[in-house]
Number of protein chains: 2
Amino acid sequence: MRAAAMKIGELASLTGCPVETIRYYEREGLLPEPARSASNYRLYAGSHAERLRFIRHCRTLDMTLDEIRTLLDYHDHPRQPCNAVNGLIDEHLAHVEARIEQLQALRGALVALRSRCSGEADSSQCGILSALAQPAAEEITAHRESSHVPGPHGSH
Amino acid sequence: MRAAAMKIGELASLTGCPVETIRYYEREGLLPEPARSASNYRLYAGSHAERLRFIRHCRTLDMTLDEIRTLLDYHDHPRQPCNAVNGLIDEHLAHVEARIEQLQALRGALVALRSRCSGEADSSQCGILSALAQPAAEEITAHRESSHVPGPHGSH
DNA sequence: ACACACCCTGTAGTCGCTACAGGGTCAAGC
DNA sequence: GCTTGACCCTGTAGCGACTACAGGGTGTGT
């Protein structure tokens with residue numbers, strides 16, 4: 001008796017990954033094309049669930065699909081020593097740490113900005129608005145090239 | 001004698017904002033349409049430079065264009081007390097702080113992951129790859145709805 | 001017989017730019 | 001006067017990682 005095949009909705013609720021995202025990963029070549037039923041429904045096996053969990057785990061770590069593709073490649077072809085896996089993680093870790101530092105600088109700037117207005121006056125007097133009209137400080141302007149981790153507007 | 005009008009390239013080098021981004025802000029309604037020369041070139045006055053600096057400053061603070069639009073609206077129509085300006089900043093600050101916390105949890109997870117592999121073995125033995133095949137820990141999985149600040153892959 | 005949940009493909013929208021393609025304008029140098 | 005090159009114009013498509021349809025087929029329960 002083989003492992004039970006499941007339809008895409010079952011895989012979705014099993015992994016917490018939306019149906020449309022699963023199809024997207026397939027288009028992107030991260031998930032192999034599954035078998036099809038007579039009525040053309042996708043039929044997944046346990047190995048698909050495993051692979052999808054791998055992908056979603058990497059995504060919660062904010063890796064790009066390209067980084068994940070590389071990891072999956074190591075997973076699929078266990079050849080050379082996995083130094084490159086370490087390297088990828090290290091690089092990603094560096095990106096995350098850089099982004100944390102940027103955001104902390106940003107936070108400082110926002111706190112300073114916030115302190116400029118008590119909220120009582122008319123907005124023509126507002127210290128926040130007038131401060132924003134000045135060019136930004138260097139400390140914050142500079143950081144635009146070091147990181148690749150998304151800012152606060154990524155995931156509602 | 002009126003303020004000297006400048007072409008888009010001058011405004012760009014004055015503010016450090018790429019030409020195409022300036023045109024984009026105009027399309028988005030953040031910058032008003034400037035006057036045009038006989039040969040249809042955009043001609044900007046000092047007020048445009050000020051407004052563009054305002055926008056760019058807000059962008060270095062990772063505000064969305066929508067948030068900036070709201071601030072510009074307060075700037076343009078100084079009516080009621082500016083509590084809403086404070087509210088917007090506070091909310092944005094909360095987003096940034098939430099994102100910092102997420103990234104710190106993420107960093108912890110990556111450090112833990114990194115420690116699982118010495119890099120000597122074949123990648124079939126790699127502790128990193130096998131750890132990634134497990135579902136992600138809750139602590140990290142949970143955070144997908146609290147913040148809207150981009151992660152590490154935003155700005156190369 | 002019908003409702004309703006699920007599945008399919010394909011396309012367009014999100015955000016904040018960035019990068020063309022395909023043209024026009026203008027000043028300097030030969 | 002003619003060419004070179006830097007600048008300007010409009011319009012459209014691409015990025016990443018989804019998300020959200022539109023417009024259809026399938027499968028189950030009553």
Side-chain angles (χ1 to χ4, degrees), chain A residues 5-31 33-44 52 55-70 92 95 99 144-145 147-156, chain B residues 5-31 33-44 52 55-69 92 95 144-145 147-156:
Chain A
M6 51 192 153
K7 288 187 283 178
I8 198 168
E10 293 170 79
L11 180 59
S13 57
L14 197 66
T15 58
C17 177
V19 165
E20 328 216 58
T21 303
I22 295 174
R23 287 197 282 246
Y24 171 72
Y25 290 157
E26 182 183 325
R27 277 200 303 282
E28 289 296 298
L30 296 172
L31 276 178
E33 296 187 18
R36 295 288 183 136
S37 75
S39 50
N40 202 32
Y41 290 6
R42 287 171 180 83
L43 294 179
Y44 294 98
L52 182 52
I55 295 168
R56 295 303 276 180
H57 191 162
C58 290
R59 287 293 299 130
T60 66
L61 298 174
D62 265 338
M63 296 182 194
T64 62
L65 296 192
D66 254 6
E67 287 170 328
I68 298 171
R69 245 184 291 268
T70 304
H92 183 62
H95 286 312
R99 186 65 184 147
R144 287 276 130 194
E145 26 224 284
S147 164
H148 70 142
V149 177
H153 306 273
S155 45
H156 291 271
Chain B
M6 51 191 153
K7 287 186 283 178
I8 199 168
E10 294 170 78
L11 179 60
S13 57
L14 196 67
T15 57
C17 177
V19 164
E20 328 216 59
T21 303
I22 297 174
R23 287 196 282 246
Y24 171 71
Y25 289 157
E26 183 183 326
R27 277 199 303 282
E28 289 296 299
L30 296 172
L31 276 178
E33 295 185 19
R36 295 288 184 137
S37 75
S39 50
N40 201 32
Y41 290 6
R42 286 172 181 81
L43 294 179
Y44 294 98
L52 182 52
I55 296 167
R56 295 302 275 180
H57 192 162
C58 291
R59 287 294 299 131
T60 66
L61 298 175
D62 266 338
M63 294 182 194
T64 63
L65 296 192
D66 253 5
E67 286 170 329
I68 299 171
R69 243 185 293 268
H92 183 63
H95 286 312
R144 286 278 130 191
E145 26 224 284
S147 162
H148 70 139
V149 177
H153 306 274
S155 46
H156 290 271

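Naming convention: chains lettered A, B, ... in sequence-line order (proteins, then strands); numbering from 1 in each chain.
Contact annotation: B:R42 does not reach the phosphate of C:dT25 (side-chain N/O to OP1 or OP2, under 4.0 Å). Listed pair A:R56 / D:dC18 meets the phosphate criterion, a side-chain N or O lying under 4.0 Å from OP1 or OP2. At D:dT10, one or more side-chain N or O atoms of B:R36 fall inside 4.0 Å of OP1 or OP2 (strictly under the cut-off). Look at B:Y25 and you'll find a side-chain N or O under 4.0 angstrom from OP1 or OP2 of C:dC17. For C:dC15, neither phosphate oxygen OP1 nor OP2 lies less than 4.0 angstrom from any side-chain nitrogen or oxygen of B:R59. Listed pair A:T21 / D:dT19 meets the phosphate criterion, a side-chain N or O lying under 4.0 Å from OP1 or OP2.
Nucleotide C:dC26 holds its C1' atom 14 Å from the CD atom of B:E10, rounded to whole Å. Note: CD (B:E26) to P (C:dC17) measures 15 Å, nearest angstrom. With rounding to whole Å, A:I55 atom CD1 is found 12 Å from D:dA17 atom P. We find that CG of B:L43 is positioned 14 Å from C1' of C:dC26, with the value rounded to whole Å. Going from atom CG of B:D66 over to atom C1' of C:dC15 covers 10 Å, rounded to whole Å. Spacing between atom CG of B:L11 and atom C1' of D:dC9 amounts to 16 Å, rounded to whole angstrom units. In this structure, CE of B:M6 is placed 16 Å from P of D:dC7, rounded to the nearest angstrom. The separation between A:Y44 atom OH and C:dC7 atom P is 10 Å, rounded to whole Å.
A:P18 and A:A12 make their closest contact through C-CB, 4.4 Å (heavy atoms, listed as atom of the first residue, atom of the second, distance).
Proximity note for B:E20 (side chain, C-beta onward) versus C:dC7, C:dA19, D:dC21: the nearest is C:dA19. Which of D:dT10, C:dC26, D:dT26 sits closest to the side chain of A:S39 comes down to D:dT26. The nucleotide whose nearest atom lies closest to any side-chain atom of B:N40 is, among D:dC21, D:dC9, C:dC8, D:dC9. With distances taken from any side-chain atom of A:P18 to the nucleotides D:dA17, C:dC7, D:dT19, the minimum falls on D:dT19.
B:R42 has a carboxylate O that lies under 4.0 Å from a charged side-chain N of B:E26, or vice versa, which qualifies the two as a salt bridge.
Residue A:S37 is classed as having no contact, given no heavy-atom separation below 4.0 Å to the nucleic acid.
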**Request:** Starting from the C-alpha separation in whole Å, work towards a yes-or-no answer on side-chain contact (heavy atoms from CB on, under 4.5 Å) for A:L43 and A:R36.
**Result:** CA-CA 5 Å; A:L43 294 179; A:R36 295 288 183 136; over 6 Å; no
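Where A:Y24 and B:Y41 each meet DNA chain D at their nearest nucleotide, the meeting point lying more 5' is that of B:Y41. Take the nearest nucleotide of DNA chain D for A:A38 and for A:R23: the residue whose nucleotide is more 5' is A:R23. For B:M63 and B:K7, each mapped to the nucleotide of DNA chain C holding its nearest heavy atom, the one lying further toward the 5' end belongs to B:M63.
Looking only at side-chain heavy atoms (C-beta outward), A:Y41 and A:I8 stay at 4.5 Å or farther from each other.
Put simply, NE2 on A:H95 and OG1 on A:T64 are 8.5 Å apart, with the number rounded to the nearest 0.5 Å.
Side-chain contact, A:Y25 with A:R56: a donor N or O sits under 3.5 Å from an acceptor N or O.
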